[in-house]
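For the numbers below, each heavy atom of this structure counts, side chains included, while hydrogens, waters and symmetry mates do not. Each chain gets a letter, A, B and so on, in the order the sequences are listed, and its residues count up from 1.
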Amino acid sequence: MKKLQILAPDLYNAIFAKHEHRKGLPELECADQGVVMRFAPNPSGPLHIGHARAAVLNDAYVKQYGGRYLLRIEDTDPKRVDPDAYDMVREDIVWLGLGITETVTQSDRLSLYYDLCKQLIERGGAYVCTCNNERFRALKQAKCACPCRDEPVAKNLKLWGLMLDRTFKEGEATVRVKTDLDNPDPAMRDFPVFRILDSPPHPKVSAHVYPLMNFSVVADDHLLGITHVIRGKDHIANTRRQRYIYDHFGWKVPVYRHYGRMGIEGVVLSTSQMRLGIQEGTYTGWDDIRLGTLRALARRGISPDAVKNAVLAIGIGDTDISFSWDNLYAENKKIVDPIANRYFFVPDPLTLTIPGAPDHNAHAMLHPGDPARGTRTLEFKGTAMVPRSEITPESVMIRLKDLFNVNLTWEGGVPSFSYAGDSLEKARAAKAHIIQWLPEECAVPCTLLTQSGEITGACEPMVKNELGHVVQFERVGFAKIDSVNESGVRAYFTHK
RNA sequence: GCUGCUAUAGUGUAGUCCGGCCAAUCAUGCGGGCCUUUCACGCCCGCGACUGGGGUUCGAAUCCCCAUAGCAGCACCA
């Protein structure tokens with residue numbers, strides 16, 4: 001085979017071309033002239049990783065093919081609208097760096113939907129159904145039409161008017177699309193598209209009749225010229241339902257792609273469950289670092305590009321997957337490692353006095369890969385704080401990094417320490433751990449908050465200058481400096 | 001129950017449409033080594049998968065059937 005490649009490279013390439021590994025996302029059909037896509041969250045809370053997948057995938061395709069990228073706020077269910085979420089969603093999108101070109105909010109567009117509903121009734125594509133829920137459900141299961149289905153258009157228009165003018169109350173009437181009652185999937189049969197809701201009031205508009213998503217989504221996808229829709233496969237049934245509406249209107253259907261369900265190890269992504277946890281005090285807020293919200297990731301020092309890269313690596317496969325923190329952390333480390341300055345953080349410190357050791361200034365590099373950044377200086381004056389876990393009967397020598405070696409001798413379970421010179425070679429030969437340390441005089445109290453609890457310790461004074469930045473605590477891991485004050489430093493553990 | 005979708009290593013992913021290049025790609029993870037005044041970064045080596053069973057075929061991860069498992073929908077949610 002290799003011989004063929006050398007003798008006739010063209011032939012070889014022609015034969016084996018299809019086996020070149022593709023990079024990036026699969027091509028979209030009908031996208032050569034550019035695309036119009038949308039990210040359409042429900043404003044019930046802040047965005048989480050699950051949203052990020054939809055948002056980033058659509059964003060990537062718009063960037064790949066060129067075109068417009070709409071943010072559409074789907075707030076047509078007042079029961080599931082959190083007034084604060086409008087801003088949170090916007091903030092999260094800014095953080096993610098999406099290339100949104102315009103924004104629409106569905107609650108501003110109710111009259112558009114009402115008009116289209118009237119048209120749909122006029123076309124005989126929908127009817128007002130006054131059956132109660134159970135009755136309709138039974139008829140549907142039996143593939144039978146409900147009595148409302150065959151009423152004349154004029155009567156349906158009249159009933160529609162009664163819905164709009166508040167004659168009908170909640171639950172008394174609904175608009176249904178005529179589909180195929182013989183459809184083997186009961187979920188397809190004459191599904192509802194408008195309902196009446198008396199309460200709760202919508203936070204943004206005064207309304208009584210609300211479109212269901214299958215109607216408002218079709219209306220807006222058409223009105224806004226959406227060409228491609230990428231969304232989770234939990235919408236496959238909705239896509240099929242929506243086709244009935246497109247057909248009634250004679251509209252062109254966008255290209256759909258449905259990706260699989262995504263879970264995340266050890267995290268709840270359900271907005272309602274997160275809200276409950278916050279209300280009960282289990283979580284400190286939407287940005288509690290144990291949550292999978294984007295603001296929680298941001299607080300922990302995960303970069304938006306890491307989220308993007310991790311999500312793009314997953315792609316649009318329709319298999320159900322479980323999102324792994326490892327993969328996100330690996331992406332983040334690529335971004336953060338070259339940037340983060342290095343500092344010492346000593347967890348659970350033990351203070352050593354080292355008789356005979358000379359006072360000495362240690363100069364440790366802020367970043368070993370970038371010496372030009374300079375150094376931090378730590379002045380040793382007889383005592384050093386070290387991680388308690390490093391002082392074990394097994395170790396006979398430790399090396400304080402960038403300083404010198406210390407011998408350990410144990411008597412009756414009590415260690416004593418002595419200066420052992422500053423030869424790095426000796427430390428290596430003795431297999432001494434080279435550990436982080438701090439002069440007691442300048443140690444700053446520092447709490448490192450991890451997803452599994454708090455670690456108290458101390459850090460270098462210069463960490464105070466890193467507020468809001470991600471640093472690397474040597475031999476501990478990356479951390480984002482969350483707050484700095486007289487009592488010390490609080491940092492969130494990012495990952496190792 | 002009815003309807004539909006999916007099934008490649010611990011995790012993610014390529015290959016599946018149009019069967020031979022696949023004793024299966026890449027990343028991550030894990031193990032080992034090198035480098036290194038961090039258990040970071042970098043480099044090298046290794047580990048690890050076609051859900052099971054039939055069938056078609058000279059040849060199947062790829063096509064067909066059955067089974068199993070997972071997921072989704074069957075809401076006046078999105």
Side-chain angles (χ1 to χ4, degrees), chain A residues 1 4-5 12 15-16 18-23 26 40-44 74-77 79-81 106 129 132-133 136-137 140-141 170-176 183-189 191-197 209-210 212-214 216-217 231-238 240-241 258 260-263 265 271-272 309-311 313-315 317-331 333-334 336-338 340 342-344 362 364-365 367-369 399-405 422 424-425 427-428 432-436 472-478 496:
Chain A
M1 276 313 158
L4 177 64
Q5 186 173 17
Y12 179 90
I15 294 172
F16 297 129
K18 76 166 187 167
H19 284 283
E20 276 173 24
H21 292 137
R22 70 167 177 74
K23 55 279 170 205
N42 166 251
S44 57
E74 303 204 331
D75 57 348
T76 51
D77 180 4
K79 289 178 183 166
R80 298 198 3 159
V81 171
Q106 288 191 317
C129 173
N132 73 43
N133 230 341
F136 184 85
R137 186 188 161 83
K140 177 176 73 177
Q141 292 296 346
E170 183 166 330
E172 291 178 353
T174 174
V175 178
R176 296 185 176 279
N183 193 306
D185 186 351
M188 293 302 125
R189 300 173 197 153
F191 59 87
V193 286
F194 279 86
R195 61 163 169 176
I196 295 169
L197 230 45
V209 174
Y210 293 92
L212 275 330
M213 74 90 99
N214 281 314
S216 47
V217 163
R231 55 182 178 181
K233 73 177 186 186
D234 44 322
H235 285 293
I236 286 178
N238 289 321
R240 279 199 284 266
R241 283 192 271 238
H258 299 99
R261 266 185 71 81
M262 185 172 87
E265 307 169 333
T271 302
S272 55
N309 292 342
V311 158
I314 287 168
D318 43 13
T319 342
D320 299 336
I321 60 157
S322 104
F323 184 86
S324 160
W325 292 111
D326 279 346
N327 293 321
L328 211 214
Y329 293 163
E331 292 296 344
K333 196 185 275 183
K334 284 178 202 162
V336 124
D337 183 80
R342 270 55 173 171
Y343 296 99
F344 290 156
M365 281 196 282
H367 196 295
R399 180 179 178 83
L400 305 183
K401 185 167 180 280
D402 300 300
L403 195 66
F404 50 60
N405 308 330
D422 62 0
L424 183 57
E425 290 68 32
R428 287 250 156 83
H433 287 175
I434 298 170
I435 66 174
Q436 75 274 35
Q472 190 204 44
F473 287 143
E474 296 195 36
R475 308 205 327 135
V476 175
F478 294 89
K496 225 161 151 34

Spacing between [X] atom [atom1] and [N] atom [atom2], to the nearest angstrom:
{"X": "His258(A)", "N": "rA72(B)", "atom1": "NE2", "atom2": "C1'", "answer": "11 Å"}
{"X": "Glu331(A)", "N": "rU28(B)", "atom1": "CD", "atom2": "P", "answer": "8 Å"}
{"X": "Arg137(A)", "N": "rC76(B)", "atom1": "CZ", "atom2": "P", "answer": "9 Å"}
{"X": "Glu425(A)", "N": "rU36(B)", "atom1": "CD", "atom2": "P", "answer": "11 Å"}
{"X": "His367(A)", "N": "rG42(B)", "atom1": "NE2", "atom2": "P", "answer": "11 Å"}
{"X": "Phe323(A)", "N": "rU28(B)", "atom1": "CZ", "atom2": "C1'", "answer": "12 Å"}
{"X": "Leu328(A)", "N": "rU11(B)", "atom1": "CG", "atom2": "P", "answer": "17 Å"}
{"X": "Asn214(A)", "N": "rC74(B)", "atom1": "CG", "atom2": "C1'", "answer": "13 Å"}

OP1 or OP2 of [N] less than 4.0 angstrom from a side-chain nitrogen or oxygen of [X], does that happen here?
{"X": "Lys140(A)", "N": "rA75(B)", "value": "yes"}
{"X": "Ser324(A)", "N": "rG10(B)", "value": "no"}
{"X": "Asn327(A)", "N": "rU11(B)", "value": "no"}
{"X": "Arg261(A)", "N": "rA72(B)", "value": "yes"}
{"X": "Lys333(A)", "N": "rC41(B)", "value": "yes"}

Scan [X] against the nucleic acid and name what it touches under 4.0 Å (heavy atoms): base, sugar-phosphate only, or nothing.
{"X": "Asn183(A)", "answer": "nothing"}
{"X": "Ser44(A)", "answer": "nothing"}
{"X": "Lys496(A)", "answer": "sugar-phosphate"}
{"X": "Ile321(A)", "answer": "sugar-phosphate"}

Runs of at least three Watson-Crick or G-U pairs with RNA chain B, cut-off 3.5 Å: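 Stems found: B:1-7 with B:68-74, B:10-12 with B:26-28, B:29-34 with B:42-47, B:51-55 with B:63-67.
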query: Which class fits the ring pair Trp325(A) and Phe323(A): parallel under 30°, tilted 30 to 60°, perpendicular over 60°?
result: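 The arrangement is perpendicular - the two ring planes meet at more than 60°.
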- prompt: Among all residues two or more places apart in sequence or in another chain, which pass the salt bridge (Lys or Arg N to Asp or Glu O under 4.0 Å) test with Arg80(A)?
  reply: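 Per chain and number, Arg80(A) pairs via salt bridge (Lys or Arg N to Asp or Glu O under 4.0 Å) with no residue.
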message: If we check side-chain contact (heavy atoms from CB on, under 4.5 Å) with Arg342(A), which of these qualifies: Gln472(A), Gln436(A), Met365(A)?
response: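 Per the side-chain contact (heavy atoms from CB on, under 4.5 Å) rule, the option paired with Arg342(A) is Gln472(A), out of Gln472(A), Gln436(A), Met365(A).
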query: So is Arg176(A) actually on top of Phe136(A)'s ring, under 6.0 Å and inside 45° of the axis?
result: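 Yes; both conditions hold, so Arg176(A) lies above the ring face of Phe136(A).
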- prompt: Does a donor on one side chain sit under 3.5 Å from an acceptor on the other, for Arg189(A) and Asn183(A)?
  reply: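 Arg189(A) vs Asn183(A): no donor-acceptor pair found between side chains.
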message: Tell me if the NE2 atom of His433(A) is crowded by more than 12 foreign heavy atoms within 6.0 Å.
response: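 No.
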Which atom of Met188(A) lies closest to which atom of Ala237(A), heavy atoms considered: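 Closest heavy-atom pair between Met188(A) and Ala237(A): CE-O, 3.4 Å.
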